[in-house]
Peer 1: 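Here it is: the structure, laid out below.
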Protein chains: 2
Amino acid sequence: MQQRIEIFKALSDETRLRILNLFIKTGKNLCVCELMDGLKLPQYTISKALQVLKNINLLKYEKEGTWVYYKLNEDLPENKLLIKFLKAFLQTEVFEEDEKRIADRLSLRENDKCVVGIIPEKELLKLIKDKK
Amino acid sequence: MQQRIEIFKALSDETRLRILNLFIKTGKNLCVCELMDGLKLPQYTISKALQVLKNINLLKYEKEGTWVYYKLNEDLPENKLLIKFLKAFLQTEVFEEDEKRIADRLSLRENDKCVVGIIPEKELLKLIKDKK
DNA sequence: TTAATATATGCTCAATAATGCATATATTTA
DNA sequence: TAAATATATGCATTATTGAGCATATATTAA
C-alpha cells in the first residue's frame with residue numbers, strides 16, 4: 001500500500017512531471033545537465049527530482065564516466081501501465097517550451113552522447129545557433 | 001499543470017485510495033456512513049477524504065434527504081483513462097477486509113438505499129448476523 | 001419549533017515535504 | 001597528485017498536509 005502511495009506522491013510535483021514528460025516525449029536517455037537546460041532549473045533541483053523518480057523505480061540510470069544517463073524503466077512490468085497512462089495524461093501543450101529547449105540541447109550531442117556539460121546559458125545559445 | 005498535480009496529490013493518501021477502491025470494486029454509489037463501516041474510520045475522516053476526491057472531479061454526489069451518495073464520475077471524459085488505470089493499479093489483496101465489510105454493510109440496504117445510518121459497531125454486527 | 005440524525009468544516013498541533021545553499025563524492029584529465 | 005567537472009546529498013528554513021476534536025449545517029420527524 002505504502003509503495004503505491006509513494007508512486008502518486010512522486011508524481012505530485014511540477015518539476016518531476018516536467019522531467020517525466022521529457023523522457024516520454026524524447027524517448028531518449030537524458031543526463032542531468034541536459035535536463036537542467038531543458039527545464040531551466042538548477043542542478044540540485046534536477047538531481048533531487050531524479051532521485052525521487054528513481055526511488056519508485058520509474059527511472060533507471062547508467063553511468064558513463066562522470067555523466068549519468070537516466071531513462072524510463074520500461075522493462076519493469078508494473079511500469080508499463082503507468083507509463084502508458086502518463087503518455088496520455090501528459091498530452092498537453094504546457095510543456096512545449098521544455099520540449100523545444102531539450103530538442104535544441106540534444107542537437108549538440110555527438111554520437112548520441114552528451115559532450116557539453118554544464119555551461120552558461122549565453123554560451124549554450126551560441127552553440128545552438130551555430131549548429132543550426 | 002497545477003490541476004494535474006492536484007490529481008496525483010489527491011491519490012497520495014491511504015484513506016482516499018481505500019475509498020476509491022471501494023467505489024471501483026462495488027461499482028455502486030456509497031454514502032458516508034457506509035464508507036465509515038467499510039473503512040472503520042471516523043465520519044470526519046471519510047467526509048474530508050470525499051471532499052478532496054470531489055474537488056478533482058473524480059467523484060460526484062447526489063443528496064437524498066440527509067443522506068449523500070457519492071459515486072465515481074465516470075461520464076467525465078478526462079476521467080475515463082484515470083479510472084481505467086486505477087482499476088488495474090488497485091488490483092491487489094490489501095483491500096480485502098474493506099471489501100468484505102462494505103459488502104456486509106451493503107447487504108443491509110433496502111431498495112438499494114441506505115437505511116441504517118451511523119450505528120455502533122456492535123449493533124451493526126448484530127444486524128449483519130441476523131440478515132445472514 | 002425542537003430534537004435527532006447525516007454530513008461538512010474550522011481550528012490547532014504534529015508530521016511531512018519542498019527550497020536553496022553549501023558541500024561531498026566520483027571520475028577524468030593535466 | 002592536483003585541478004576540473006558532473007552529479008549527489010546534508011542541512012536549515014519554510015510551506016504543505018494530515019489527524020483529531022469540536023462544532024456547524026441541513027434535513028427530517030416529533
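Reckoned from all heavy atoms, side chains included, excluding hydrogens, waters and symmetry mates. Below, chains carry the letters A, B, ... as their sequence lines are ordered, and counting in each starts from 1. Computed from a predicted model, the values in this text were never measured in an experiment.
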Peer 1: Nearest-Å distance, CG (B/N55) to C1' (C/dT9)?
Peer 2: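 Interatomic distance, CG of B/N55 to C1' of C/dT9: 12 Å.
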Peer 1: Restricting to pairs with a member in residues 31-48 of chain B, which pass side-chain hydrogen bond (donor to acceptor under 3.5 Å, both in side chains), not counting sequence neighbours?
Peer 2: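 Residue pairs with at least one partner in residues 31-48 of chain B: B/E34-B/R109, B/D37-B/R105, B/K40-B/E121.
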Peer 1: A/Y70 near the nucleic acid: base, sugar-phosphate alone, or nothing, with a heavy-atom cut-off under 4.0 Å?
Peer 2: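 Answer is sugar-phosphate: A/Y70 comes under 4.0 Å of backbone atoms only.
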Peer 1: Polar atom pairs between nucleotides 18-22 of chain C and protein, under 3.5 Å, N or O only, would you list them?
Peer 2:
{"from": "C/dA18", "atom 1": "OP1", "to": "A/R16", "atom 2": "NH2", "distance (Å)": "3.0"}
{"from": "C/dG20", "atom 1": "O6", "to": "A/K48", "atom 2": "NZ", "distance (Å)": "2.3"}

Peer 1: What do the steps show when you test B/F89 against A/I7 for side-chain contact (heavy atoms from CB on, under 4.5 Å), and what is the final call?
Peer 2: CA-CA 11 Å; B/F89 190 77; A/I7 291 173; 4.0 Å; yes
Peer 1: What range of DNA chain D does chain B touch, first nucleotide to last, counting atoms under 4.0 Å from its heavy atoms?
Peer 2: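 Reading along DNA chain D, I get D/dT17 to D/dT28.
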Peer 1: Can you give each donor-acceptor pair under 3.5 Å made by side-chain atoms of residues 56-69 of chain B, sequence neighbours left out, with the distance rounded to 0.1 Å?
Peer 2:
{"from": "B/K60", "atom 1": "NZ", "to": "B/D75", "atom 2": "OD2", "distance (Å)": "2.7"}
{"from": "B/E64", "atom 1": "OE2", "to": "B/K113", "atom 2": "NZ", "distance (Å)": "2.8"}
{"from": "B/Y69", "atom 1": "OH", "to": "B/C114", "atom 2": "N", "distance (Å)": "2.8"}

Peer 1: Using 4.0 Å as the upper bound for N to carboxylate O, is an ion pair formed by B/D104 and B/K100?
Peer 2: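 No, this pair does not count.
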Peer 1: Under a 4.5 Å cut-off applied to non-hydrogen side-chain atoms, are A/K126 and A/D130 in contact?
Peer 2: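 A/K126 reaches A/D130 side chain to side chain.
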Peer 1: Pick out which of B/L53, B/I83, B/T15 makes a side chain to side chain contact (heavy atoms under 4.5 Å, CB included) with B/L20.
Peer 2: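 So, applying the side chain to side chain contact (heavy atoms under 4.5 Å, CB included) to B/L20 and each of B/L53, B/I83, B/T15, only B/L53 qualifies.
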Peer 1: In residues 103-111 of chain A, which ones come under 4.0 Å of DNA chain D, going by heavy atoms?
Peer 2: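 Those residues whose heavy atoms fall under 4.0 Å from DNA chain D, taken from residues 103-111 of chain A, amount to none.
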Peer 1: Any sub-3.5 Å donor-acceptor pair from A/R16's side-chain atoms to A/A10's backbone N or O?
Peer 2: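 Here the side-chain-to-backbone pair exists.
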Peer 1: Hey, are the side chains of A/K80 and A/E74 touching, using non-hydrogen atoms and a 4.5 Å cut-off?
Peer 2: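 When only atoms from C-beta onward are counted, A/E74 and A/K80 do not touch, as no gap falls below 4.5 Å.
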Peer 1: Out of curiosity, A/F85 CZ to A/L11 CG, how far, rounded to the nearest 0.5 Å?
Peer 2: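 Here the interatomic distance stands at 8.5 Å.
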Peer 1: For the residue pair B/M36 and B/L41, establish whether any side-chain heavy-atom pair is separated by less than 4.5 Å.
Peer 2: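 A side-chain contact is absent here, since even the closest heavy-atom pair is not under 4.5 Å.
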Peer 1: Is it true that A/D98 and A/K25 have a side-chain N and a carboxylate O under 4.0 angstrom from each other?
Peer 2: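 So A/D98 does not pair with A/K25 through a salt bridge.
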Peer 1: At what angle, to 10 degrees, do the two end axes of the helix from C/dT1-D/dA30 to C/dA30-D/dT1 meet, given five pairs define each axis?
Peer 2: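 End axes: 10° apart.
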Peer 1: Indicate yes or no: at least one non-hydrogen side-chain atom of A/K9 is less than 4.5 angstrom from one of A/E6.
Peer 2: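 Of all side-chain heavy-atom pairs linking A/E6 with A/K9, at least one is under 4.5 Å.
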Peer 1: Can you check whether A/Q91 reaches A/K87 side chain to side chain, under 4.5 Å on heavy atoms?
Peer 2: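 A side-chain contact under 4.5 Å is absent here.
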